Amino acid sequence: MAYNYSNINDYDVLVIGGGIAGIEAALNLAYQGYKVILVEKDLSIGGKMIHLSKVFPTLDCAACITTPKVSETARHPNIKIYTYSEIKDIEKLGERYFTATLVQKPRYVTDACTGCQLCEEKCPVVVEDEYQWGLVGRKAAYIPFSIANPRIAAIDIENCTFCGLCEKVCAAGAIDFTQEEKRSTIVVKSIIIATGFNLFQSERLSYYGAGKFKNLLTSMQMERQLVPTRPYNNVLRPKDGKVPDRIAYVLCVGSRDKSLGNPICSQVCCMYSIKQAQLLMGALPMADVTIYYIDIRAFGKGFDEFYKQGVGMGVNFVKGKIANISEKENGDLILRYEDIDSGVLKEATHDLVVLSVGILTNPDFEKLFKTTPLLKDDYGYVRQVSELLSPSKTSIDGVFVAGTASGPMDIPDSILSAGAASTEASVYMKGGAS
Amino acid sequence: MGENQKIPKILVFSTEKISDPAIDLAGLLKKHYPPTVYVVNVPCSSSVKPKWILHAFKKGFDGVFIAADGSDCQYSETCTFNTGEIVRKTHDLMKKKGIEPSRLKMAAICSVCSDPFVKQMKSFIEALI
Amino acid sequence: MRCRIGVYVCMCGSNISDYVDVEKVREIAAENPCVVLAKTTMFACSDSTQKEIIEDIKVNELNAIVIASCSPKLHLFTFRNVAERAGLNPYNYVQVNIREQCSWAHSDNPKFATLKAIQLVKAGIDKAKNSVSLEPIMIKAEHSALVIGAGITGMKAALALANTGTKVTLIEKEHYVGGRIAQWNRLFPHNDPAEKLVKTLYEEIIINDNIYLYTGAELISKSGSVGNFIVKIKIKPRYFKSGYLIEQCIEKAIESCPVEFDDPFNYGLTKIKAIQQNHIGQFPYYPVIDMSKCTKCGICTDICADIDLEQKEEELELNIGAILIATGAESYQPPSGEFGYGVIPGVITLQMFRRLIDLNGEKLIYNHKQIKRIAYIYCVGSRQYDGENQYCSRYCCTAAVHTSLIVKEKFPEIVNIHLTRGVRTYGKQEILYNKSNLQKDIYLQFDDTPPEISEENGMINIKVVDILTVKKTIELDIDLVVLVTSMVPRKNKELENILKLPIGRDKFYNEVHPKLKPVETMIDGVFIGGNCQAPMNISESVKSSLSAVSKMNALIGKGEIQLEPSLATIDKSICVWCDECTKICPSDAIIKTEYNGKPVAEINEANCKGCGMCLPVCPTNAIQLIGYSDVEIESMIDALASYSPEFTI
Amino acid sequence: MGKTVDIIKEKRVVSQEVKDKIKSFNKIKKEILKCLEAGQKTIPQISAELNLPAETVTYNLMTLLKYNQIAVGEIDDMDEYYYYNLKQ
Amino acid sequence: MAKVNPDFSVELKKFGGFDLNACYNCGNCTAVCSLSTEENSIPRKMVRYSVLGLEDELKVSIDPWLCYYCGECSETCPQDANPGELMMSLRRYLTSKYDWTGFSGLLYRNMSAYVISFLLIIIGIAGLSISNVFSQEEWLHYGHYLEMLAIAIVFAFILLPNIIRMWILMVWNKEKKFSIRKHFLSLDVLFIHMFTQKRSLSCKDDRDNKVWWFEHFILVLSYLLLLFTTVFLNWFNTENMGIIVLGYIFSGIIFVVTIDFILRRIKKKKEKSTFSHPSDWFFVIWLMLMGFSAFIVRMLIDFSVLEKYFWVYLFHITVLIQWAIIIVPFGKWTHFLYRPFAIYFNNIVQDTKK
């Protein structure tokens, strides 16, 4: 059967998800001469990584690594990016092609936006800022975050009061409330799934009081407190703005826990907690940092050395899972645990506690396909049908998986996995089997 | 060491692929060394001209340090010898000009030798005071 | 001289601005008469700042820019690209490292860090003033690759390269492909048979027209550079005239061979002759004579006419665009006495144990004794307290846990006891750990005190301080101790010397950057994949190898490569042809020519690597290196020396 | 430049929740700004003065900080709380 | 120094132990347990000892007796290792260790032993009644003495020596310098815990636990009082209206509460009633039957129709004897004694240590 869709569309590969894995895969393919369409559901590409402070074990700042890759992707002639867009109804067309529906959601701001933030300044609405994980507020007309790409404002229509101030002040005339959802059909030869992961919702754990106790942060919130554009300008307790001096990390929150339905290890929490602990020791030289762990999984290149470095810097490591947390009147938190080394039940008071939340699958990929579903594994991740020989192969020929969509992994592993997916896609498009 | 004494200034010729990463690593790991150490990079430690070294002394540098590629050099196995020759030649020139030869030093700094680099810098500064 | 310079001082979030007063640096930079504009910026590398710089260059007609930020290793090319997009020659861009070599190095002393930053920026401005516009050199690149090592990493990479249109030469030092995994038989996490894996890959390789596979082959020399490497390969003979042997005689020949020795494949559990057939899971299925053991007695030649003991090594020269190193790792060999290894019978390594499981039928017998209780000691050769292997070897916890599952499946009566230092079955591998727990394996954990092993009446006695039982000393009577040995870098000095491979702290080959360039090495065109870079499991090795393939394809797929134009130049008017430079040049890049009737030296641009070794030896200072000219270097030295701040103790 | 907002106004309604949120933010914002007119204060001081929970003050104050209406001052003598003041 | 015995967990499984090997030693169970204290951190240590099979340590442990099985540890165990059920099994295991006859162990490990011994008693009683050795009146008269005798023998030859064995394990083995005076001074501890189980109140802070405690409390009380009423006040033969009414009340309470307990075990809503060992069923059902049959017997007496339904009395006496010579000395009943004694002995040891 001969299909000729070049007149409809001009892309070879569809990459779903604009996180670090999607970006890397797109870049790899673009440099090999393939035309890539990259679709991201959020307002900016860069995924979760762009929001991190520094990354282990080299401690380079995440922005310094992500932003160049992000801008490289954005201006690569072979890559077309659609942000705030989603893919639906993928179907296989014959042997070699896929069709899919691209849904572009309206952001009510056109490309004419210069990112001047005047609209943001004038907007009277304040809602919780999801990019700062609720630590501060943001406006209803807003630039998602300072290093967002594209740096174009968006209007949060659910929270908009239609006061029209933004439209009035925008010199570029970029505000357009008439925008509507756009749908188009695309045809590609191969697809890379890089939909990433979801973080474990710590509110599920009533015995930790997450969501109830203000001085209980998730690791992502702490990550934001440590970035240069940190919401509080210093590392502070959300409850009363105090500088913390006894900080605790609770590991395996939502991971390695059958009672929560997630028996597997999230692979990154030990390391990012050790990293944050080291950064905190730098930011708050007087603070004590304690990490409560079950097992420290410092397995990658340079990881164990990094762990030892943490020990050397004075981070306190305590073996024992935190069973529950209670709050004192002044906002301090009491952690109850068994100190495994001595076999004794203990209670410790900390003035700031970070829950090192684990990684769960992002089930979005299940909704992508119209007729034949993409198979998943026992833990809800995209199933790798040939884990050893072709780690990025999925149950559908021509569809490949990159990054954390196939299971928990750290950034270097995600990047390698994206490399593998791009090579497999390229082999597939050349018609060979790899 | 007296009060308000000037800290000796050191010019380091470092190589892009071998010793630069080590010096960067020292910074990354916050291993401190005196701030009067300035790094100028060159492709290979065997490419440092004696002329440049003498120029540095003339302009007021108290010491010059060549972070040599040693056996890690990717261009030639004779790199250590070549760099040694440059130092020997420059020492002769320095003697002629009445500059203390101990003000020029060389040592191999590998691409992860951040500790040795910091130690070298500290001891060199000590020696120059 | 360039005198319309733009200066950007990056705060790098707060990485720089926490210690360096960036505003002050900017102010002083702005005082320079050649500086048209000076700005500070939160993230110079961010897209918005990049756009701003481009805009600035265009609007202010800048002819050079200086960005004071992080190490050029990270972003030199990012900003050169920015310059280029603004229509400025990328070589008129100078990057000043005020992060790694200033704010971070002197975070203990913000005042001095600021002073130093000021001088570094001044020097950068001076360098920019004297910078020359250059065009990168384009060279033709061979669309072919050399893959060294035909383990699973190398085989997978070769196939992927070949299937994307690259000609591949795959060389393997051993006479068989498949590397280490054939010895493991069943592989975690899904118990895939290793033999099938290797067989699938091998069969695909031999039918692929784009792959040339040489077994018994080693790299002996490399010259040239990225896109145009010339490599020499030595191929050992198999000592058989034809590859297609008459099956009847080979068995007899093996039988007749008088030389018998411990089979390394089975770690001495079985014997092997100097004439060998391959084991299950090893391909190709051809016999070979191990000449290091053969006494050339000639008995076999009488049986098999096909045997020719006089065959010679062959050499092959190839033109190659890029090289992938997939030489894998070795397993740690414990010194005699470590946990009783080599001293107490019944202490073996995990690798040997895997062979033992395979070679045993219904009961597990070792040393004529039926094994009922096994102790696995973890972290042997990794995370050492005093030894040099400080790293965690990543794969071994899961490998040992998986082995215990296989043991229990095959020999249900056996009790597995694990002595760990914290089980690191990361990710989905946790399930294997859980399974092992549920099959009633016992886990003990030691920390600072390694377990003591002794032998009593044929039983091995282990004493271990178990931190999971309040540091109680636990005693075990054991039949077999399995040392869970780590992966260690392969000792291959020759290859390292030939390729000049950078080696990391843990002695594995080092990537440029774990996130930005995870499979690239400092040597352009030479890539690394799999276990030669770091310990990893099969799936991870394959990922890294396929990643390398994608980078290699991007590099050589287009048929040409862009190179740095930093070459040496010779001022022929002052050259006196003393021949010193030709003697020292390591890349044959200086040739003799004539100028105004006198013999002078000239640079052969295709060969020059820009190392600069010729510079100091020239008696008349006739040689300059582009980008490192006297003016550039000396103006930098001037700038660094000029400002004499209060650097006092 | 057309007034596209008028078009959407006809299609969608603003929920009561959004209206309440604006109201409460504006009220707290006014109170905090007024409270700081008298000079720099720490979060517990503002909280005590306005009789608002400290966490509410933190959230809203930090939002004002983000939108440049407030600046961070020195830390107090106990090295516990930062002072905040109005941005000129 | 302790030797590992990997077979122990297999052995313990017969007492009802769960997948204790699933434990990865996070300590969650100890920390989540509201009865856990710095001095007595339960239950992970017990899980660990059981996994390793350190019987010497287990035998002298008090920990299993400190647990009232609120089930919180099992609910929150990340590995589904069910430490709560393990503690329950360990109590059975310990009961068998204290018992010098070894019969406890046999019954716990072997359900058929239970059934056989029950059957033997049924056959014995049936045989006696068929052979007409006793008249109905004699039955009523001697039945009462038989009961007394059974209680005396069980106490003197089984329970008392077992408690002495327990004392040796828990006090003598640990603390040779125990004080006799302390033994007297701590007696209040023994009785308070024996009759109130007040520790269990702080077990889990929810309504259900309080309800459970209350039910258990009145059950114990009613049981003891019914015992007293029947054995010492001779309920079945008395004419005293007060005693008669009391007997009705006590046996009624036993009947009602045990029905509720049985329902709990059937519904399995709460963690503590999820797993039922045969010994649990025997205990609660026989207690129910005892209360029920006593109630009916007295009713038959009051309506003067006992003669007509004399088999009911025989049924009652069968249940009673099964209870008295099997469940009381060797079955679950013993926790009524062992638990408070364990707390009492622990109190002595801890005090002496101080």
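Every chain is numbered from 1, with letters handed out A, B, ... down the list of sequences. It should be emphasised that the depicted structure is a prediction, and the values quoted were computed from it without experimental measurement.
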- line: Scanning both residues in full, the closest heavy-atom pair of C:Gln101 with B:Val39 reads OE1-CB, 3.3 Å

task: Give, as side chain, backbone, both or neither, the part of B:Phe61 having an atom under 4.5 angstrom from any heavy atom of chain C.
output: side chain

- request: Look up atom CD1 in C:Ile584 and atom OG in B:Ser46, then write down how far apart they are to the nearest 0.5 Å.
  value: 6.5 Å

message: Among B:Asp24, B:Thr83, B:Thr78, which residue has the highest count of heavy-atom pairs closer than 4.5 Å to chain C?
response: B:Asp24

task: Compare every heavy atom of C:Trp104 with every heavy atom of B:Gly27, then report the nearest pair and how far apart it is.
output: O-CB, 3.1 Å

query: Going by distance alone, is a donor N or O of one side chain under 3.5 Å from an acceptor N or O of the other, for B:His55 and C:Asp638?
result: yes

- line: What one should report as the nearest heavy-atom pair of C:Cys611 and B:Cys44 is O-CB, 3.4 Å

field: Heavy-atom side-chain proximity of B:Cys79 to C:Met613 below 4.5 angstrom
entry: yes

message: Given heavy-atom pairs under 4.5 angstrom as the criterion, report whether the side chain, backbone, both or neither of C:Met636 touches chain B.
response: side chain

- request: Kindly give the heavy-atom pair with the smallest separation between C:Lys116 and B:Val37, and that separation in Å.
  value: NZ-O, 2.6 Å

- prompt: Considering only heavy atoms, which portion of C:Leu499 lies under 4.5 Å from any heavy atom of chain B: side chain, backbone, both, or neither?
  reply: neither

query: Non-hydrogen atoms of chain C under 4.5 Å away: do they reach the side chain of B:Phe13, the backbone, both or neither?
result: side chain

query: Minimum heavy-atom separation for B:Val42 to C:Tyr628, with atom names?
result: CA-CE2, 3.8 Å

task: Starting from the C-alpha separation in whole Å, work towards a yes-or-no answer on salt bridge (charged side-chain N to carboxylate O under 4.0 Å, His left out) for B:Lys59 and C:Glu634.
output: CA-CA 10 Å; B:Lys59 291 289 169 170; C:Glu634 284 172 6; over 6 Å; no

message: Nearest 0.5 angstrom please: B:Tyr75 OH to C:Cys585 SG, how far?
response: 11.5 Å

Stepwise side-chain contact (heavy atoms from CB on, under 4.5 Å) test for B:Tyr38 and C:Ile637: CA-CA 9 Å; B:Tyr38 297 90; C:Ile637 294 174; over 6 Å; no

- prompt: Out of B:Ser47, B:Gly60, B:Ala56, B:Ser45, which one racks up the most heavy-atom pairs below 4.5 Å with chain C?
  reply: B:Ser47

field: Any donor-acceptor N/O pair, C:His106 side chain to B:His32 backbone, under 3.5 Å
entry: no

message: Tell me if a side-chain donor or acceptor on B:Lys49 pairs with a main-chain N or O of C:Val617 at a distance below 3.5 Å.
response: no

message: Nearest 0.5 Å, please: how far is CD1 in C:Ile633 from CH2 in B:Trp52?
response: 4.5 Å

field: Separation of B:Thr36 OG1 from C:Leu115 CG (nearest 0.5 Å)
entry: 11.0 Å

- prompt: Hey, are the side chains of B:Pro43 and C:Leu625 touching, using non-hydrogen atoms and a 4.5 Å cut-off?
  reply: yes

task: Say whether, by atom type as modelled, one donor and one acceptor occur between the side chain of B:Lys51 and the main chain of C:Asn621 under 3.5 angstrom.
output: no

task: Tell me, for C:Asn97 versus chain B, whether the close heavy atoms (under 4.5 Å) come from the side chain, the backbone, both or neither.
output: side chain

task: Find the one option among B:Lys31, B:Glu16, B:Lys58 whose heavy-atom pairs under 4.5 Å with chain C are most numerous.
output: B:Glu16

